[in-house]
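Throughout, protein chains are lettered first and strands after them, A, B, ... in sequence-line order, and every chain is numbered starting at 1.
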Amino acid sequence: MSKPTPLSGFPELLPAQRAVEQQVIDTLRSTFELYGFAGIETRAVEPLDQLLRKGDTSKEVYLLRRLHETSEEGHAGMGLHFDLTVPFARYVLENAGKLEFPFRRYQIQKAWRGERPQEGRFREFAQADIDIVGRDVLPFHHDVEVTRVMVDALTRLSFLPAFRLQVNNRKLIQGFYAGLGLEDLDEVMRIVDKLDKLPVEKVHQMLVDEAGATSEQADRVLSLATIRTGDDSFVAQVRGLRVSHPLLDEGLDELAALVRGVADLTSDRVRVEADLSIARGLDYYTGTVFETRLDGYESMGSICSGGRYDALASDGKITYPGVGISLGVSRVLVPLLARTGLTASRSVPSAVLVALADEDSRPASEAVAAALRARSIPCEVAPTAAKFGKQIRVAERRGIPFVWFPQADGGHQVKDIRDGNQVDADPSVWTPSPEDLRPQVVPGA
RNA sequence: GUGGGCGUAGCUCAGCUGGUAGAGCAUCGCGUUGUGGUCGCGAGGGUCGCGGGUUCAAGUCCCGUCGCUCACCCCA
């Protein structure tokens with residue numbers, strides 16, 4: 001068999017990098033749980049009609065098909081989920097009778113899309129989602145809450161570059177467009193969303209050509225979209241544009257409340273700003289919308305996005321409004337590992353390699369390892385009774401900081417191979433420093 | 001889906017108008033016979049992505065194909 005080649009869009013990590021990813025996942029999980037979010041996992045597949053509920057991007061869904069498929073459609077009527085929101089909406093409906101509302105959950109799982117891979121865009125990728133969903137009603141303060149949770153989680157990932165959380169509110173922009181007398185609000189929003197890719201003049205022209213705006217209306221739409229403030233001063237700027245509409249007022253109040261509600265979390269690494277150009281494409285958001293950009297990684301687009309949907313799910317009688325944010329774990333991590341060489345301080349969990357004098361004394365070395373493990377110190381015994389120099393090298397290659405030498409007289413010594421310091425030690429007492437106990441995330445060279 | 005770039009050792013790459021497959025790093029061994037790293041000496045390691053064609057002769061030229069990659073499109 002010839003050597004297998006990597007599959008484009010299906011990233012796999014070496015152990016040291018996986019350790020970094022694991023640490024990210026652990027941090028996210030513990031942060032989400034600090035705020036009382038319950039963890040769930042949904043199955044990898046959903047019925048096709050569920051997945052395609054929101055429009056025809058069907059090409060990007062991976063279908064399931066038995067090898068001996070005989071049905072007329074040629075597939076099993078199921079596909080891999082392409083995000084965690086659609087499965088969650090289905091899960092809420094399915095288990096509505098057993099859940100307590102408002103229901104807060106986190107979900108860290110893989111998702112799949114059949115897109116062409118690019119930096120930060122994969123066919124198989126991990127996402128971390130938090131959502132709060134209510135029954136019939138969900139007060140606005142939850143919008144502030146999910147924002148605070150995600151900002152907290154991102155802040156705890158101390159090796160991330162600085163980032164900027166951009167927030168907007170669809171009521172605000174839709175109310176503004178309606179107040180201007182525009183009709184096709186969705187189309188206007190879709191075009192304005194392209195501002196980060198296309199020049200202003202081009203967007204202006206599209207507004208006139210495709211959204212039925214007058215040149216003057218387009219000017220004012222663009223005036224709104226260029227407003228960007230780190231505090232609630234955007235309210236005065238919008239008022240200055242002299243458009244009025246009840247929905248606009250509502251959106252302004254909400255966005256101002258959100259910006260004020262997270263102001264205490266900002267720092268030099270974390271900025272939160274009202275950015276009135278953010279619209280989030282054509283999806284079902286109805287109020288708050290978020291995007292997040294990493295400094296130095298602007299080309300990667302948003303690494304963390306979400307918003308409010310007044311109808312996350314509905315069974316016809318009861319509607320379940322929700323608000324949530326989704327962090328692209330693979331999207332941010334894989335490019336960061338590749339570009340910066342970020343890695344873990346060692347490729348194995350072991351803090352100690354217990355040396356082996358000869359095969360006959362393996363039980364003695366295993367006993368040392370057992371004593372260390374009893375006190376939760378990860379360790380392993382040398383694979384062979386090679387010369388001690390080679391056993392030390394085994395540890396060095398893996399980044400294991402300590403080598404333990406059982407002595408012929410029954411005593412013990414432990415050597416820190418980084419400085420060569422070797423001291424007497426007792427396996428029932430000796431403990432490495434906290435930094436050495438677990439692999440640490442270390443910046444690249 | 002469209003267009004460009006690239007496939008040679010574990011990794012990074014060199015290889016001219018066609019003439020017996022190379023370097024650095026890494027690995028392994030020895031010097032140093034059971035305490036590593038430095039240094040010196042040595043060794044192993046290749047279907048040149050795959051298939052076909054031209055030729056006395058192809059890593060090199062031609063055709064095809066597969067893969068990777070970048071950009072576009074798209075991005076719930």
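- We find that CD of Glu115(A) is positioned 15 Å from P of U69(B), with the value rounded to whole Å.
- Between the C1' atoms of G59(B) and G51(B), the separation comes to 16 Å (whole Å).
- Of the candidates Arg308(A), Lys171(A), Arg170(A), Lys171(A) is the only one forming a salt bridge (Lys or Arg N to Asp or Glu O under 4.0 Å) with Glu254(A).
- Atom CD in Gln127(A) sits roughly 16 Å away from atom P in C75(B) (whole-Å rounding).
- In this structure, Ser8(A) does not reach the G67(B) phosphate: none of its side-chain N or O atoms is under 4.0 Å from OP1 or OP2.
- Checking C72(B), U35(B), C68(B) against every side-chain atom of Ile392(A), the shortest atom distance belongs to U35(B).
- Where Pro117(A) and Lys194(A) meet RNA chain B, the nucleotide closest to each residue was compared, and Pro117(A) sits on the side nearer the 5' end.
- If you check every strand for non-hydrogen atoms under 4.0 Å, Gly301(A) touches nothing.
- C74(B) atom P lies 10 Å from atom CZ of Arg121(A), rounded to whole Å.
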Tyr106(A) and Glu33(A): CA distance, side-chain angles, deciding distance, side chain to side chain donor-acceptor pair (under 3.5 Å) verdict: CA-CA 8 Å; Tyr106(A) 73 88; Glu33(A) 290 183 349; 2.6 Å; yes
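- Rounded to whole Å, the distance from CD on Gln391(A) to C1' on G36(B) is 11 Å.
- Each of Thr85(A), Val323(A), Thr288(A), Leu138(A) was compared with Tyr309(A) under the side-chain contact (heavy atoms from CB on, under 4.5 Å) criterion, and only Thr85(A) meets it.
- Taking atom CD of residue Gln118(A) and atom P of nucleotide C72(B), one finds them 6 Å apart after rounding to whole Å.
- Comparing the C1' positions of C16(B) and U60(B) gives a spacing of 10 Å, expressed to the nearest Å.
- When heavy atoms are screened at a 4.0 angstrom cut-off, Leu84(A) is found touching no nucleic acid atom at all.
- No donor-acceptor contact under 3.5 Å links the side chain of Arg116(A) to the base of C70(B).
- Using C1' as the reference atom, G37(B) and U69(B) are 37 Å apart when rounded to the nearest Å.
- Which of U35(B), C74(B), A76(B) sits closest to the side chain of Lys415(A) comes down to U35(B).
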Derivation of the side chain to side chain donor-acceptor pair (under 3.5 Å) call for Thr31(A) and Asp152(A): CA-CA 7 Å; Thr31(A) 307; Asp152(A) 190 358; 5.5 Å; no
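- Within 3.5 Å, no donor on the side chain of Arg393(A) pairs with an acceptor on the base of U35(B), nor the reverse.
- Stretches of at least 3 consecutive Watson-Crick or G-U wobble pairs, with each checked distance under 3.5 Å, appear in RNA chain B as B:1-7 with B:66-72, B:10-13 with B:22-25, B:27-31 with B:39-43, B:49-53 with B:61-65.
- Across Met150(A) and Cys304(A), no two heavy atoms sit closer than the pair CG-SG, 3.5 Å.
- Looking at every heavy atom in both residues, Ala218(A) comes nearest to Ala213(A) through N-CB, 4.3 Å.
- Taking all atoms of both residues into account, the shortest heavy-atom contact from Asp193(A) to Ala279(A) is OD1-N, 3.5 Å.
- For the P atoms, the distance linking A57(B) with G24(B) amounts to 34 Å, nearest Å.
- Look at the P atom in both G3(B) and A76(B): the space between them is 26 Å, to the nearest Å.
- Here U32(B) presents its C1' atom at 12 Å from NZ of Lys390(A), a figure rounded to the nearest Å.
- The residue among Pro6(A) and Phe82(A) whose nearest nucleotide of RNA chain B is located toward the 5' end is Pro6(A).
- The CD-P distance, from Glu291(A) to C75(B), rounds to 13 Å in whole Å.
- Ionic pairing of Lys317(A) and Asp315(A) is not present here: no N-O contact between side-chain nitrogen and carboxylate oxygen is shorter than 4.0 angstrom.
- Of the P atoms belonging to U12(B) and C68(B), the separation is 16 Å, rounded to the nearest Å.
- Taking the charged nitrogens against the carboxylate oxygens, Arg113(A) and Glu124(A) have no contact shorter than 4.0 Å, which rules out a salt bridge.
- With distances taken from any side-chain atom of Glu60(A) to the nucleotides U33(B), C68(B), C74(B), the minimum falls on C74(B).
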Identify all pairs in which a protein N or O lies below 3.5 Å from an N or O of nucleotides 38-41 of chain B, and state each distance.
none

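- Across C73(B), A76(B), U35(B), the shortest atom-to-atom separation from the side chain of Gln422(A) is found for U35(B).
- Residues of residues 395-408 of chain A that place a heavy atom closer than 4.0 Å to RNA chain B, in numerical order, are Glu396(A), Arg397(A), Phe405(A).
- Taking atom P in both G45(B) and G22(B), the straight-line distance is 14 Å, to the nearest Å.
- With respect to the salt-bridge test (charged N to carboxylate O, under 4.0 angstrom), the residues Arg18(A) and Glu12(A) do not qualify.
- Distance alone, capped at 3.5 Å, places no donor-acceptor pair between the Gln127(A) side chain and the Lys110(A) backbone.
- Salt bridge status for Glu46(A) with Arg43(A): present, with a side-chain N to carboxylate O gap under 4.0 Å.
- Taking atom C1' in both A58(B) and C73(B), one finds a spacing of 39 Å when rounded to whole Å.
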Chi angles and distances behind the ring-ring contact (aromatic ring centres under 6.0 Å, His included) call for Phe402(A), Trp430(A): CA-CA 12 Å; Phe402(A) 298 100; Trp430(A) 179 86; 5.0 Å; yes
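- Considering only side-chain N and O atoms, Lys387(A) lies nowhere under 4.0 angstrom from the phosphate OP1 or OP2 of U32(B).
- The six-membered or imidazole ring of Phe101(A) lies near that of Tyr320(A), with a centre-to-centre distance under 6.0 Å.
- Between the P atom of G67(B) and the CZ atom of Phe10(A) lies a distance of 13 Å, rounded to the nearest Å.
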